[in-house]
4 protein chains.
Amino acid sequence: MGLRERNKAEKWRRIVEAASRLFATRGFEATTTAAIAEEAGIGTGTLYLYVTSKEDLLLAVFRDEVGELWDHAFTLIDPTAPVVEQLMTAFSHVTAYHEQEPELTRIYFKELMFVSPAMRSGVSEFMRHFIGRFVELLDKAKVNGLLDPDVPTGMLAHNLWAQYYILMQRRYAGSIDPESLLPRLGHSFQVALWGMARG
Amino acid sequence: MGLRERNKAEKWRRIVEAASRLFATRGFEATTTAAIAEEAGIGTGTLYLYVTSKEDLLLAVFRDEVGELWDHAFTLIDPTAPVVEQLMTAFSHVTAYHEQEPELTRIYFKELMFVSPAMRSGVSEFMRHFIGRFVELLDKAKVNGLLDPDVPTGMLAHNLWAQYYILMQRRYAGSIDPESLLPRLGHSFQVALWGMARG
Amino acid sequence: MGLRERNKAEKWRRIVEAASRLFATRGFEATTTAAIAEEAGIGTGTLYLYVTSKEDLLLAVFRDEVGELWDHAFTLIDPTAPVVEQLMTAFSHVTAYHEQEPELTRIYFKELMFVSPAMRSGVSEFMRHFIGRFVELLDKAKVNGLLDPDVPTGMLAHNLWAQYYILMQRRYAGSIDPESLLPRLGHSFQVALWGMARG
Amino acid sequence: MGLRERNKAEKWRRIVEAASRLFATRGFEATTTAAIAEEAGIGTGTLYLYVTSKEDLLLAVFRDEVGELWDHAFTLIDPTAPVVEQLMTAFSHVTAYHEQEPELTRIYFKELMFVSPAMRSGVSEFMRHFIGRFVELLDKAKVNGLLDPDVPTGMLAHNLWAQYYILMQRRYAGSIDPESLLPRLGHSFQVALWGMARG
DNA sequence: GATGAATGAGTATTCATTCAT
DNA sequence: CATGAATGAATACTCATTCAT
């Protein structure tokens, strides 16, 4: 990697970190692009050589942070455990992390569903990717005899994801309290897997 | 009802209708409270004798319109039909109606989840009410032998509602197209009811 | 005039004076609407209850100030004097005044010709009005035997106005110096009236 | 001419053509220097090896295009025709051409009068040159007995030019419509030459 | 009850120009 | 000769809400 490329990569890292930090402490709307640029040590215009909009930057932060979070979550799973347990292992890791940065999480769940057309595919692709990993998880569970082989895993993964997503929205909209999040999710999953899962 | 009360009720009707009309054509943010007041034939300040905020007004429109919509939807259900069919009867009625006013529907699903604290209980109560009616539907299905009596209907109703809600969000965020909404919802429900429903 | 109306008129006066003062000292672009509002002792939003845009405000200042200026200029004219002398009386009064506020004058001649469509008719009307007064002047001169009765006064007035306008543009664009403005104008007029004027 | 010089001349040609094309289609302000550089097939910084500013580039385009236009216009003139006819031959050629590129013409008449000090002499010199050619035309007309020999041709040429310039400004500011431009110009000239011209 | 004049906070983004390479 | 990444200044206007009348 040449000097210029390394400089660029380094700058990009500083930008994403600065944005993440400020979004988390001040919120999305309250954070100005000027503040991000200053925190990252670059000019205000320079920011726009890396992203096309503030929303684009949010998406970058999300991908960076939440992508890594989920990647790690999947490594914690024991594929021989009962399916609900596998799911809860991953989701409880993710929710535990999110609880540490409630403001940023709130932004993710509030802003990213209704994003401008230009960003939409970025968000969709991200979600599809992780739903795909749940499909893999469920397929593996079938092989291990933990799941009814007739179940359409694609649709089931979507259903499980929807339970998670709605609960997170309600949690970070302030409609349900932190303590009841995981128990509710567990019950949701149990009902969603009713009669499908063994063990 | 006295004359003054009738006048007030008439004004309130005009306000809700004006707001509904303008939100539907211009969108929520683009509609000014001044425009609503003018359309309703009242002064700008007078509006605040009826609602506490613009958001409050949106909630009123939502309750008025969507409440009636769901009330009607439940009357269409045949309680002896298979559960998925019962569900689809109600939901397809609702989605068909929403498709006629996409902008207004978009606002509902975008704005109402993350509403300010003062309005939150109003929204929650509304949703709880209709989820409760699904619980009744499922309980009745148990009685009719259409649903496994061991299933926890409260949680199941929440799960079904989540499928619906997420799909509607994705539909009105522009992520999925109109045609695939109902088929997706049907498949979701079938998987959610897997091994529970008979007939 | 009621209290509210007097208040409104008073506020309007303060706005125009504040804008005039700031445009003259800082220039048009460098003057912010916030500064004008503060100088006028009103809120920034209040300004827009009186004008539709910053450009609109400039036009108001122009009309207010330059209208009065020309009105006064016409009172100075001796209708029995030779035509060139009559013209020079009026124009030298106007140019003398403009020389006291060169920045503001510069703005008038730079901005007002290429104004946005919404304001255009306002500017045109203003100019037509004063060109019309020159037509009257020339018609009176015919009656007094100071001008060839066959001359089309409408077109002649336009021509004289064009000489004035171009010279003012060049003066305030910095292309010609202050001292040569009036002599050039005088010569222009003499040539423009060549063979038409007597006395 | 050496190879390097030819390369440079070729690049310059490409730059002026690119700028002309983009100014004409997008307008002056909306055209970015980056877009011009790309259209010309050079780097953004390279542009500044040829011009000192965007304004400078506009002036170059103007000189290139309008200079040629006027040069051609003068060749069309029949010096034995009546003066007004001679003038109208030239001006109608020029205005006809301008009507084909209204946006670019608008820019010329809007921007070039109030140009930055560094460019001012360039514009003035250009105008002086062509006003000078009108002086020649008028002097020749005197010799041919078409114009009163006592008329100061320098000042008359300025006056005629002013009529033209003001009308073009008003035309491209949107204040007068295309059809009335030439008739108005003709009448202006007739009044401006009142009693001076014969034939 | 009704009015409507007044308020004032609040910021993403562009782009001509430069200069280190 | 040529490049293109980096810069950073700069602001009109809207509109939900209030409260004196």
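In what follows, chains carry the letters A, B, and so on, assigned in the order in which the sequence lines appear, proteins first and then strands, with residues in each chain numbered from 1. From a predicted model like this one, the values you see are computed outputs, not experimental measurements.
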- Message: Below the 4.0 Å mark, does E:dG1 have OP1 or OP2 next to a side-chain nitrogen or oxygen of B:K11?
- Response: no
Are side-chain heavy atoms of [X] and [Y] found at a separation under 4.5 Å?
| X | Y | result |
| --- | --- | --- |
| C:E55 | C:L59 | no |
| C:M119 | C:D56 | yes |
| C:E101 | C:E65 | yes |

- Message: For the residue pair D:K8 and D:Y50, would you count it as a cation-pi contact if the rule is NZ or CZ under 6.0 angstrom from the ring centre and within 45 degrees of the ring axis?
- Response: yes
- Message: Of the options F:dT7, F:dT3, E:dA6, whose atoms approach the side-chain atoms of A:L49 most closely?
- Response: F:dT7
- Task: Among the candidates F:dA2, E:dA6, F:dA6, find the nucleotide nearest to the side-chain atoms of D:Y50.
- Result: F:dA2
- Task: Measure up the D:Y172 and D:H98 rings against each other and bin them: parallel (under 30°), tilted (30 to 60°), perpendicular (over 60°).
- Result: perpendicular
- Query: Checking all strands, does B:L47 fall into the base, sugar-phosphate, or nothing category for heavy-atom contacts under 4.0 angstrom?
  - Reply: nothing
- Query: Do B:E10 and B:R13 sit within salt-bridge range, that is, some charged N less than 4.0 Å from a carboxylate O?
  - Reply: yes
- Message: Using a 4.0 Å cut-off on heavy atoms, which residues in residues 105-121 of chain D reach DNA chain F? List them by number, or say none.
- Response: none
Could you give the [atom1]-to-[atom2] distance, from [X] to [N], as a whole number of Å?
| X | N | atom1 | atom2 | answer |
| --- | --- | --- | --- | --- |
| B:E10 | E:dG1 | CD | P | 15 Å |
| B:W12 | E:dG1 | CH2 | P | 14 Å |
| A:I42 | E:dT13 | CD1 | P | 14 Å |
| B:I36 | E:dG4 | CD1 | P | 17 Å |
| D:L58 | E:dC15 | CG | P | 17 Å |
| B:L22 | F:dC15 | CG | P | 13 Å |
| B:E38 | E:dT3 | CD | C1' | 14 Å |

- Task: Apply side chain to side chain contact (heavy atoms under 4.5 Å, CB included) to C:R106 and C:Q169, showing your working.
- Result: CA-CA 8 Å; C:R106 183 176 192 275; C:Q169 280 191 339; over 6 Å; no
Polar atom pairs between nucleotides 11-14 of chain F and protein, under 3.5 Å, N or O only, would you list them?
residue : atom : partner : partner atom : Å
F:dA12  : OP1  : C:K54   : NZ           : 2.9
F:dA12  : OP2  : C:T33   : N            : 2.8
F:dA12  : OP2  : C:T33   : OG1          : 3.0
F:dC13  : OP2  : C:Y48   : OH           : 2.8
F:dC13  : OP2  : C:K54   : N            : 3.3

- Message: Using the ring pair (Phe, Tyr, Trp, His ring centres under 6.0 Å) definition, which of the options D:F109, D:F126, D:F28 pairs with D:F62?
- Response: D:F126
- Item | Each stem that DNA chain E is part of, given as range with range (3 or more consecutive Watson-Crick or G-U pairs, under 3.5 Å) | E:2-21 with F:2-21
- Please test D:I42 against D:R14 for side chain to side chain contact (heavy atoms under 4.5 Å, CB included), starting from the C-alpha separation and ending with a verdict. CA-CA 9 Å; D:I42 59 172; D:R14 287 213 315 269; 4.1 Å; yes
- Message: Has A:R26 got a side-chain atom pairing as donor or acceptor with A:T31's backbone, closer than 3.5 angstrom?
- Response: no
- If you look at every heavy atom in A:A37 and A:G43, which pair is closest and at what distance? CB-O, 3.8 Å
